[in-house]
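One structure below.
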Amino acid sequence: MKATGIVRRIDELGRVVIPKEIRSTLRLKSGDPLEIFTDRDELMLKKYSPIASLEKFSEGTAKSLSDLSGHLAVICDTDEVLYAAGSGKRDVCGKGLSAQMDRIMEGRRSYIASAAEGQEVIPITEGGAKVSAQVIVPIVSGGDCLGAVALISMREGEKIGQSAAKLAQLSAEILASQFE
């Protein structure tokens with residue numbers, strides 16, 4: 001744990017303001033859920049990720065999706081890639097999401113693109129690998145976007161087929177149903 005040198009007082013309602021610099025660094029936005037941990041005299045806050053709580057299920061879903069589609073399958077929360085399966089998983093796993101990916105999740109609509117057809121493919125992660133085709137499906141439960149399922153191809157000239165896109169859609173719906 002790293003000391004910041006910032007000291008804040010608790011108000012009469014038990015609230016503490018998290019400084020803007022720290023919120024920006026940790027990508028915390030108004031309304032984000034935080035998990036609270038205690039250890040003796042320490043209080044720790046961690047951004048809550050519902051998708052991460054389904055660790056084995058999400059990991060298995062990514063592997064099955066990759067096996068069935070033949071593409072790199074990615075499952076992410078609203079901040080980073082949590083699970084990836086298939087060729088190229090080391091390039092994306094654990095990395096923060098790009099601003100374009102954030103916008104797709106905020107819009108709560110699926111995104112399909114192929115560079116071979118002149119469509120704009122977006123980077124999944126900050127400084128991510130060159131993507132040639134993709135399907136991105138937000139995971140939406142109770143009106144909230146919890147993350148996304150994505151299929152990615154880095155093979156030039158490739159287009160991801162409708163059946164693979166439907167598999168990604170089904171995977172996102174199954175993950176979302178775990179929270180209803």
Verdict with reasoning, Glu126 to Lys95, per salt bridge (Lys or Arg N to Asp or Glu O under 4.0 Å)
CA-CA 7 Å; Glu126 293 290 336; Lys95 295 198 174 159; over 6 Å; no
At their closest point, which heavy atom of Ser114 faces which heavy atom of Gln119, and how far apart are they?
N-OE1, 2.7 Å
Same cluster or not: Tyr111 versus Val149, using hydrophobic residues (I, L, V, M, F, W, Y) connected whenever any side-chain heavy atoms lie under 4.5 Å apart?
no
For residues Arg27 and Thr78, report the shortest heavy-atom separation together with the two atoms involved.
NH2-O, 4.3 Å
Rounded to the nearest 0.5 Å, what separates atom OG in Ser58 from atom CD1 in Ile51?
5.5 Å
Do Ile18 and Leu26 pass the side-chain contact (heavy atoms from CB on, under 4.5 Å) test, and can you show the C-alpha distance, the side-chain angles, and the key distance before you say yes or no?
CA-CA 11 Å; Ile18 300 171; Leu26 299 177; over 6 Å; no
Would Leu72 and Lys89 count as a side-chain contact (heavy atoms from CB on, under 4.5 Å) here? Give the steps.
CA-CA 7 Å; Leu72 172 60; Lys89 70 180 181 181; 3.9 Å; yes
Can you measure from CD1 (Ile139) to CG (Asp144) and round to the nearest 0.5 angstrom?
13.0 Å
Minimum heavy-atom separation for Leu65 and Ala168, please, with both atom names.
CD1-N, 3.9 Å
Looking at Glu42, is its backbone amide N or carbonyl O close enough to the side chain of Asp39 to form a donor-acceptor pair, meaning the two atoms are under 3.5 Å apart?
no
Below 4.5 Å, heavy atoms only, C-beta onward: do Cys76 and Met101 meet side chain to side chain?
yes
For a 4.5 angstrom cut-off between non-hydrogen side-chain atoms, does Arg15 reach Val17?
no
Considering only heavy atoms from C-beta outward, does the side chain of Val137 approach that of Val135 to under 4.5 Å?
yes
Is there a side-chain contact (heavy atoms from CB on, under 4.5 Å) between Ile22 and Ile6? Walk through the geometry before answering.
CA-CA 10 Å; Ile22 292 174; Ile6 301 170; 3.9 Å; yes
Supply the atom-to-atom distance Lys63 NZ to Glu59 CD, rounded to the nearest 0.5 angstrom.
10.0 Å
Where Ala73 and Ala62 come nearest, the two heavy atoms and their spacing
CB-O, 3.4 Å
Report whether Leu151 and Met154 are members of the same hydrophobic cluster (ILVMFWY, side-chain heavy atoms less than 4.5 Å apart, transitive linking).
no
If hydrophobic clusters are built by linking Ile, Leu, Val, Met, Phe, Trp and Tyr wherever their side-chain heavy atoms come under 4.5 Å apart, do Ile104 and Val81 end up in the same one?
yes
Smallest heavy-atom separation, Phe179 atom then Ser141 atom, equals CB-OG, 3.5 Å
Taking the side chain as every heavy atom from C-beta outward, state whether Gln100 and Asp102 have any atom pair closer than 4.5 Å.
no
Determine whether more than 12 heavy atoms belonging to other residues, nucleotides or ligands lie under 6.0 Å from atom NZ of Lys56.
no
pair Asp79-Lys47: side-chain heavy atoms closer than 4.5 Å:
yes
Evaluate the side-chain proximity of Ile124 to Gln134: yes if any heavy-atom separation is below 4.5 Å, no if none is.
yes
Are Leu167 and Ile136 linked, directly or through other ILVMFWY residues, by side chains that come within less than 4.5 angstrom of each other?
no
I'd like to check Leu97 versus Met105 (side-chain heavy atoms, cut-off strictly below 4.5 Å). Are they in contact?
yes
How long is the span from the OH atom in Tyr48 to the CG atom in Leu34, to the nearest 0.5 Å?
12.0 Å
Please answer whether the main-chain N or O of Glu106 pairs with a side-chain N or O of Arg108 as donor and acceptor at a distance below 3.5 Å.
yes
Are the side chain of Glu156 and the backbone of Ser132 linked by a donor-acceptor contact shorter than 3.5 Å?
no
Approximate separation, where rounding is to 0.5 Å, of Leu82 CG and Asp77 CG:
4.0 Å
Would Thr61 and Ser171 count as a side-chain contact (heavy atoms from CB on, under 4.5 Å) if you check the C-alpha gap in whole Å, the side-chain angles of each, and the deciding distance to 0.1 Å?
CA-CA 7 Å; Thr61 300; Ser171 298; 3.9 Å; yes
Side chains of Leu175 and Phe57: closer than 4.5 Å at any heavy-atom pair?
yes
Of the non-hydrogen atoms in Ser66 and His71, which two are nearest, and what is the gap between them?
OG-O, 2.9 Å
Transitively linked via ILVMFWY side-chain contacts under 4.5 Å: Val131 with Ile160?
no
Nearest-0.5 Å distance that lies between atom CD in Glu55 and atom OH in Tyr83
4.5 Å
